[in-house]
Amino acid sequence: MKAKLIKVLEQVVSDLISQGSLPEMTVPEIQIERTKDKAHGDFACNIAMMLARPAKMNPRLIATQIIEALPEVDFITQVDIAGPGFINFTLTANSAQQIVKDVLAAGNQFGRNDLGKGKRVQVEFVSANPTGPLHVGHGRGAAYGSVVSRLLMEVGFDVHREYYVNDAGRQMDILATSVWLRYLAACGEEFTFPSNGYKGDYVLDIAASLKADCGEDLRRTSADVFANVPTDEPDGGDKEQHIDGLIVNAKSSLGDAYSTVFDLGLSSIIAGIKSDLEDFGTEYDEWFSERSLMASGDVDKAVEQLKASGDIVEREGAWWFKSTDYGDEKDRVVVRDNGQTTYFASDIAYHLNKFNRGFDTVIDVWGSDHHGYIPRVKASLTAMGQDAERLKVLLVQFAVLYRGEEKVAMSTRSGQFVTLKELQEEIGKDAARFFYVLRGADQHMDFDLELAKSQSNDNPVYYVQYAHARVCSVFRQLKDRGLSWEKTQGEQNLTRLSESHEQALLTSLSRYPEIVTSAATNYTPHILAHYLMDLARDFHTYYNAHHFIVDDVELSQARLTLITAVKQVIENGLAIIGVDAPDTM
RNA sequence: GCGCCUGUAGCUCAGUUGGAUAGAGUACCAGUUUCCGAAACUGGGGGUCACAGGUUCGAUUCCUGUCAGGCGCACCA
């Protein structure tokens, strides 16, 4: 309807210009928006005010001319001038009611469109290091990434969801060594656990299953394990050198068996992450391994390509990517002087790999602490002849955890954190997802655990779910009374929906497709969550003001038809967010 | 010091891409159930949109500066 109106107005303005009623000028893009206040009709247009300056005419005068020249439009009943020169349009009652039929006809497809035209989009999100279970900080990225993915599917993109597994590198060696040390302790060896090792309970669990698998085959004496290892930090040494020394000893004394420990640690943690995400309503199409990227030679190839183009040069024994040539603030090391490639080298290869897989758009969802990383990744893509604009990095700000007034410190290393699993068990998947998605991603978020736990009934998600359950309850009541809903009869009597509460609901329903499109194209799931709360409120208000099962059969059927449409839209919206729409609470 | 994000009601946050009298939730106060679920509804108070300039018909929104908070500035990942 909006688009139709815009077309009509464009025609009118260009006619006025050719008639000489308006001077020659370039006409700005015509915008139609929904009014905030019902007194201003349903749609408003500000074109008269936009034209006032170039035309050097009074905006109200221009508006008058436009209205006079306006042809009949079938779904508009009234056109007014208001304020400084707004043109307000009021819809006919018929066109407002049409939305109910549209919703019921489309069912769970209502809200979908083909804006994306099947273009392929990759969304990579969470991608936390597999060195421990996911914690609540990852939850926000998981909720955000998965809802953005679903929104993009809803508007017609072919979406590929991916988790990048950082299964290479030093952190993984620290994990493997931590597991082995816990295993040795379980075998009876006595020593002080390194301050920089992973101390979480999950490491103990993995060590226990290692012992169950291998018995004491991997046992070495603690004297051997700690031989020639620099002292740890608490003893006046360096914790990094201490743990690196332990890694070296682990690799040499275990030999081939080291990979047994390493792989058990990795696979245990990945399995845990997968099941935590699944429980959290977050699915993936692919788990992409960093090691596979190295094994395939992609990392070396990417580095060679950039060496050939002169973008990677040797300096002080290391190889540097000259990202300053592309606007970054400093150059970045890709191959260290010890010959090892950096994480950034893998990332260059990974992003090239993504682009080569033929995605039209590549989306990375990152924690905001990685924002400094964007220029160098884009720079590397540009250097390799790719269009860096195709990469969109969406930053998610941190959720700061509180227990009441007290801030919760989180560290994977010390093992003191609240896991995503724990959060789910405390407040449930639905509440957690809705809560995370309720705020804009670029908004710093305070997440008070006490509040989320103790007042979980006040969580907005229940408000929306309750609206859905209430509709279901009405239909249970209908059945109990031996009555039934006749869709055809209801649709024929939609003109009976004349109460202000009903008008408000019709307007809210008609907004849904625009909300989905806007949420998807702007990557802003929170506006969908807010919309659902608004719709639920409109429904609850209506519920309290009017009865649906009434003696007037035609009116009753019309109302039942309306609330069925409301139920459908709530279902569709909640499905995108990944929250259940229960029939009873 | 430089860069990114943020600053809106006591608190947590929206604000439809620059529009009309800045809105919700929560908290507080006062009300609403013989009737489809009160996890609901109705009403009330509460604001220098951090501050100062600028752009224009019009600024919470865009630009500049100042102040405040978060994060980042490794041959770590």
Side-chain angles (χ1 to χ4, degrees), chain A residues 31 33-37 39-40 44 46 48-50 52-53 58-59 82-86 88 128-129 131 166 168-172 174 240 290 315-320 329-330 332-344 346-347 367-375 395-398 400 438-448 451 455-460 462-463 465-467 469-478 480-481 511 514-515 518 522 524 526-527 529-531 533-534 536-537 539-550 556 559-560 563 584-585:
Chain A
Q31 297 168 354
E33 56 195 12
R34 285 182 182 276
T35 54
K36 288 177 192 167
D37 189 339
H40 299 138
N46 60 359
M49 291 176 310
M50 310 259 299
R53 187 172 172 79
N58 181 326
F86 287 102
N88 292 338
N129 284 347
T131 52
N166 293 117
R170 179 166 167 266
Q171 296 303 320
M172 287 307 300
I174 295 178
E240 305 291 349
E290 182 185 1
R315 206 179 292 156
E316 296 158 9
W319 289 85
W320 300 70
E329 47 189 35
K330 55 178 80 165
R332 312 290 175 177
V333 171
V334 286
V335 185
R336 294 198 287 257
D337 56 9
N338 64 9
Q340 285 186 331
T341 55
T342 60
Y343 177 88
F344 178 47
S346 296
D347 248 350
S368 61
D369 57 333
H370 284 67
H371 68 81
Y373 218 76
I374 299 171
L395 295 177
V396 179
Q397 294 291 330
F398 284 150
V400 182
L438 201 52
R439 307 300 178 212
D442 55 5
Q443 194 66 234
H444 302 274
M445 191 169 103
D446 289 347
F447 199 134
D448 186 342
L451 196 72
Q455 301 191 359
S456 61
N457 280 354
D458 290 336
N459 200 302
Y462 294 105
Y463 185 80
Q465 289 181 317
Y466 182 44
R470 256 189 162 174
V471 175
C472 295
S473 174
V474 169
F475 281 88
R476 282 193 295 272
Q477 183 71 28
L478 188 72
D480 288 350
R481 297 192 196 176
R511 284 175 59 212
E514 294 164 27
I515 292 288
S518 172
N522 296 313
T524 49
H526 71 276
I527 70 171
H530 282 271
Y531 166 80
M533 290 172 65
D534 288 343
R537 178 168 36 252
F539 172 76
H540 287 309
T541 304
Y542 180 38
Y543 181 98
N544 272 61
H546 299 285
H547 279 244
F548 310 140
I549 305 173
V550 291
S556 185
R559 287 180 172 173
L560 291 170
I563 65 170
T584 59
M585 301 286 289

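Note that the coordinates shown come from a computational prediction; the quantities given were computed from them, not determined experimentally. Protein chains get the first letters and strands the later ones, always in sequence-line order, with residue 1 at the start of each.
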Please state the C1' separation for the pair B/U21 and B/C2 - nearest whole angstrom. 43 Å
Taking the P atom in each of B/A50 and B/G10, what is the distance between them to the nearest angstrom? 13 Å
For B/G47 and B/G23, measure between their P atoms and round to the nearest Å. 14 Å
Looking at every strand, decide which applies to A/T541 at a 4.0 Å heavy-atom threshold: base, sugar-phosphate, or nothing. sugar-phosphate
With the 90 degree cut-off around zero defining syn, does B/U16 come out syn or anti? anti
I need the CD1-P distance between A/I515 and B/G15, as an integer number of Å. 10 Å
Would you mind classifying the nucleic acid contact of A/Y373 as base, sugar-phosphate or nothing, using non-hydrogen atoms under 4.0 angstrom? base
Anti or syn, where syn is a glycosidic angle within 90° of 0; which label fits B/U60? anti
Please tell me if A/Q443 has a side-chain N or O lying less than 4.0 Å from either OP1 or OP2 of B/U12. no
Classify A/A44 by what it touches in the nucleic acid, base, sugar-phosphate, or nothing, heavy-atom distance under 4.0 Å. base
Can you find a donor-acceptor N/O pair under 3.5 angstrom joining the side chain of A/D534 to the base of B/A14? no
B/U16 to B/C62 separation - P atoms, rounded to the nearest Å: 10 Å
Rounded to the nearest Å, what distance is computed from the CE atom of residue A/M445 to the C1' atom of nucleotide B/C71? 16 Å
Rounded to whole Å, how long is the line connecting atom CG of A/L395 with atom P of B/G70? 19 Å
Measuring to OP1 and OP2 of B/C41, would you say a side-chain N or O of A/Y463 lies under 4.0 angstrom away? yes
Using a heavy-atom cut-off of 4.0 Å across all strands, would you classify A/E316 as base, sugar-phosphate, or nothing? base
From the list B/A77, B/C36, B/G19, which nucleotide is the closest neighbour of the side chain of A/N46? B/G19
At 4.0 Å (heavy atoms only), tell me whether A/D347 reaches a base, stays on the sugar-phosphate, or touches nothing. nothing
What I want to check is whether an N or O donor and acceptor connect the side chain of A/H371 with the base of B/G3 at under 3.5 Å. yes
Mutual orientation of the aromatic rings belonging to A/Y543 and A/F548 [parallel < 30°, tilted 30-60°, perpendicular > 60°]: perpendicular
Of the listed nucleotides B/G37, B/A20, B/C36, the one nearest the side chain of A/F548: B/C36
Round to the nearest Å and state the distance from A/I374 atom CD1 to B/C71 atom C1'. 12 Å
C1' gap between B/G45 and B/A27, integer Å: 13 Å
Please say whether the positively charged group of A/R511, taken as NZ for Lys or CZ for Arg, lies over the ring of A/Y531, i.e. under 6.0 angstrom from the six-membered ring centre and within 45 degrees of the axis. no
Counting only side-chain heavy atoms from C-beta out, which of B/C71, B/C75, B/G19 sits nearest to A/M49? B/G19
Would you indicate which nucleotide in B/C76, B/A20, B/G37 comes nearest to any side-chain atom of A/T35? B/A20
Side chain of A/H444, base of B/G69: donor and acceptor closer than 3.5 Å? yes
A/A318 side chain, from C-beta outward: closest of B/C75, B/A20, B/G37: B/C75
Name the nucleic acid region contacted by A/H540, choosing base, sugar-phosphate or nothing; use a 4.0 angstrom heavy-atom cut-off, strictly under. sugar-phosphate
How would you label the contact of A/R511 with the nucleic acid (heavy atoms, under 4.0 Å): base, sugar-phosphate, or nothing? nothing
Would you indicate what A/A545 reaches in the nucleic acid, counting non-hydrogen atoms under 4.0 angstrom: base, sugar-phosphate, or nothing? nothing
Compare the ring of A/F86 with the six-membered ring in the base of B/A20 and state whether they stack (centres under 5.5 Å, planes under 30°). yes
Respond yes when some side-chain nitrogen or oxygen of A/K330 is under 4.0 Å from OP1 or OP2 of B/A74, and no when none is. yes
Rounded to whole Å, the NZ-P distance (A/K36 to B/U16) equals 8 Å
B/G72 C1' sits how many Å from A/Q397 CD, rounded? 11 Å
If the C1' atom of B/A24 is compared with that of B/C49, how far apart are they to the nearest Å? 16 Å
Check this one for me: any side-chain N or O of A/R537 less than 4.0 Å away from OP1 or OP2 of B/A40? no
Which nucleotide sits closest to the side chain of A/D337: B/C75, B/A40, B/G19? B/C75
Inter-nucleotide C1' distance (B/U33, B/A38), Å rounded: 7 Å
Figure out the NE2/P separation between A/H370 and B/A74, and round it to whole Å. 14 Å
Contact class for A/Y543 (heavy atom, under 4.0 Å): base, sugar-phosphate, or nothing? base
Regarding the side chain of A/D442, the nearest nucleotide among B/C76, B/U6, B/A20 is B/U6
With sugar-phosphate meaning primed atoms plus P, OP1 and OP2, does A/G440 contact a base, only sugar-phosphate, or nothing at under 4.0 Å between heavy atoms? sugar-phosphate
Give a yes/no on whether any side-chain N or O of A/R336 is located under 4.0 angstrom from OP1 or OP2 of B/A77. yes
Between B/G18 and B/A59, how far apart are the two P atoms, rounded to whole Å? 14 Å
Decide yes or no, distance alone: a donor-acceptor N/O pair under 3.5 angstrom between the base of B/U17 and the side-chain of A/N522. yes
In whole Å, what is the span from the CE atom of A/M533 to the P atom of B/A14? 12 Å
So, is A/T131 close to the B/A77 phosphate, meaning a side-chain N or O under 4.0 Å from OP1 or OP2? no
Heavy atoms only, 4.0 Å cut-off, all strands: where does A/D369 land among base, sugar-phosphate and nothing? sugar-phosphate
